[in-house]
2 protein chains.
Amino acid sequence: MTTGLQDFLEDIQQVENFEEFQDATVKLRDLLGIAHVVYHWVNSVGERFGAGTYSSEWVDRYLEKDYLRMDPVIFGCFQRFTPVSWKQLDWSSKAAKAFFLDALDYGVGNQGYTIPIRGPNGQFALFTLNHNTTDDAWDQLIARNERDLVVVAHEFNKKALSFDAHSEAQVGPSLSPREASAITHLAKGLSRSQAAAEMGISEHTLRVYIESARHKLGAMNTTHAVARALSMGLIIV
Amino acid sequence: MTTGLQDFLEDIQQVENFEEFQDATVKLRDLLGIAHVVYHWVNSVGERFGAGTYSSEWVDRYLEKDYLRMDPVIFGCFQRFTPVSWKQLDWSSKAAKAFFLDALDYGVGNQGYTIPIRGPNGQFALFTLNHNTTDDAWDQLIARNERDLVVVAHEFNKKALSFDAHSEAQVGPSLSPREASAITHLAKGLSRSQAAAEMGISEHTLRVYIESARHKLGAMNTTHAVARALSMGLIIV
DNA sequence: GGGAGCCTCGCTATTTTTGGGGAGGGTAAA
DNA sequence: TTTACCCTCCCCAAAAATAGCGAGGCTCCC
């Protein structure tokens, strides 16, 4: 490929702590000559993790305003497998427009390119490039680096996961076949009695599975258990 | 990068149907000079999708024996983000050993390298290279192509997803902010009264949101509504 | 051979959720 | 201006879920 990202890939593999991780985003930003490079977790289960070149003011504001819940970038990427240019997203709602303008105020560029990355246990992260430029210039930059960026995003995520492995019990819970089956039926909308009938067992037995799954998942109630099982990828509806 | 996989990447982007997809696996196999290239979907019980160069006898046997449920490759990849060489996996159980020997009998090589890929809605796929050779030779081959293979796997998955009619056609319902918020709180495990307190509204009002969301989502009960909202990417827990 | 985990079933009692029915005011687009 | 959707609140009876107590048989691994 045509850019100098090969060398950068070597660099990032040397990263050993959070500071170096953060430095790597800065380095990539300078290498590409753009305004911002950001990697962050949008984690359902687990802790926050993020690094990048956005101003801390913007990060604080983002969190404070809970923009996470309406950011079109996040929703767009959450439903896609492929990277996405921000302008492909749906900015039609008033809230989205306000969010975009607010971002510009805080030094975020008007062009963005975000790669969704998914790991085990429902891990979900975004890797974003951002700049202030024309559509054409941006498209060209992206086209030049498209494939390398996938690998770069992959490497960033690998590093981020390796940091997390220390802090947390790395192996998520697993459900027994019957438990998974029970939770899956509930996720499909069946009531307990229907699910029990479907599985050919007594409703009481089904209840035992649900309870057991709930404990394994650390869930407070059935709905929570289903939500966790889903977002951890333990079941598929 | 150093190999001829760049050209192959161009080829795979031209793929337009399942036959060409299948052909692409063959082409890549020949390009790398190895025994097998396989892409397959591991949506536990969902739709099947797969292509590759394994003999149909082996595929049939795999399905018939329900090896899916104990295959160490699948288990290992499910818990990992990074690609994995088969020999790093846990083959210690008796069932795993038997499975491996059975695979050899059916023409599967002793060396394997599998890349896990995750898409939206819990999509999970594996991209596997397989060959019969020594550890050293295999490691070298992998090291040479490591990064390109990530991109190749990515492209294969992109194509596979595009074939899936589901992902394209449907424009799902959307939830109002309060509805989304209500459903999100439930997905986090809060009870109705807790969620209502959190949102600063009466429990009755909260119920109206849930009901309304349920109808929009075509869900039979609250748990179903949460599950649908989650898998449609309408909320993020 | 013992322990761990899985699968199956039973009971009672309490709390929570659900499925209907209403009503009024706001905002926003057509 | 009308229509539509959003937000907020209320009642009631029936259904479902939860929490706790049990029990026995099965397989697999150390």
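In the text below, chain A, chain B and the rest are named by the order of the sequence lines, each starting its count at 1. Only this structure's heavy atoms are used, side chains among them; waters, hydrogens and symmetry mates stay out.
Within 4.0 Å of B:Ser176, counting heavy atoms only, lie sugar-phosphate atoms of the nucleic acid but no base atom. Among the heavy atoms of the strands lying under 4.0 Å from B:Ser191 are primed sugar atoms or P, OP1, OP2 only; no base atom is included.
Atom pair A:Met220:CE and C:dT15:P shows a separation of 18 Å (rounding to whole Å applied). At whole-Å resolution of the value, CD1 in B:Ile210 and P in D:dC9 are 14 Å apart. As rounded to whole Å, 16 Å separates atom C1' of D:dC5 from atom NE2 of B:His215. Atom CG in A:Leu206 sits roughly 10 Å away from atom P in C:dT8 (whole-Å rounding). Atom CG in B:Leu175 sits roughly 14 Å away from atom C1' in D:dC5 (whole-Å rounding). Counting to the nearest Å, the P atom of D:dC10 and the CD atom of B:Glu203 are 11 Å from each other. Note: CD (B:Glu211) to P (C:dG21) measures 11 Å, nearest angstrom. Between the CG atom of B:Asn221 and the C1' atom of C:dG20 there is a distance of 17 Å, rounded to whole Å.
At a cut-off of 3.5 angstrom, the base of D:dC11 holds no donor-acceptor pair with the side chain of B:His204.
Heavy-atom distances to DNA chain D give each of B:Ala95 and B:Ile201 a nearest nucleotide, and the one nearer the 5′ end belongs to B:Ile201. Between B:Leu186 and A:Ser212, the residue whose closest nucleotide on DNA chain C is further toward the 5' end is A:Ser212.
For the OP1/OP2 pair of D:dT8 and a distance below 4.0 Å, the side-chain nitrogens and oxygens of B:Arg207 include no atom meeting the criterion. Here B:Arg178 does not reach the OP1 or OP2 of D:dC6: none of its side-chain N or O atoms lies under 4.0 Å away. Contact annotation: A:Thr222 reaches the phosphate of D:dT18 (side-chain N/O to OP1 or OP2, under 4.0 Å). At C:dA28, one or more side-chain N or O atoms of A:Lys94 fall inside 4.0 Å of OP1 or OP2 (strictly under the cut-off). In this model, the phosphate group of C:dC6 is approached by a side-chain N or O of A:Lys216 to a distance below 4.0 Å at OP1 or OP2. Checking the phosphate oxygens (OP1, OP2) of D:dT8, no side-chain nitrogen or oxygen of B:Ser202 falls inside 4.0 Å.
A:Thr134 places a side-chain N or O within 3.5 Å of a backbone atom of A:Ala137 that can act as its donor or acceptor partner.
Aromatic rings of A:Phe163 and A:Phe18 (six-membered ring for Trp) have centroids beyond the 6.0 Å cut-off, not under it. When ring centroids are compared, B:Phe81 and A:His154 come within the 6.0 Å threshold.
Side-chain contact annotation: A:Asp90 with A:Ser92, donor-acceptor N/O pair under 3.5 Å present. Side-chain contact, A:Thr133 with A:Gln111: no donor N or O sits under 3.5 Å from an acceptor N or O.
Of the candidate nucleotides C:dT8, C:dC7, D:dA19, D:dA19 has the atom nearest to the side chain of A:Arg214.
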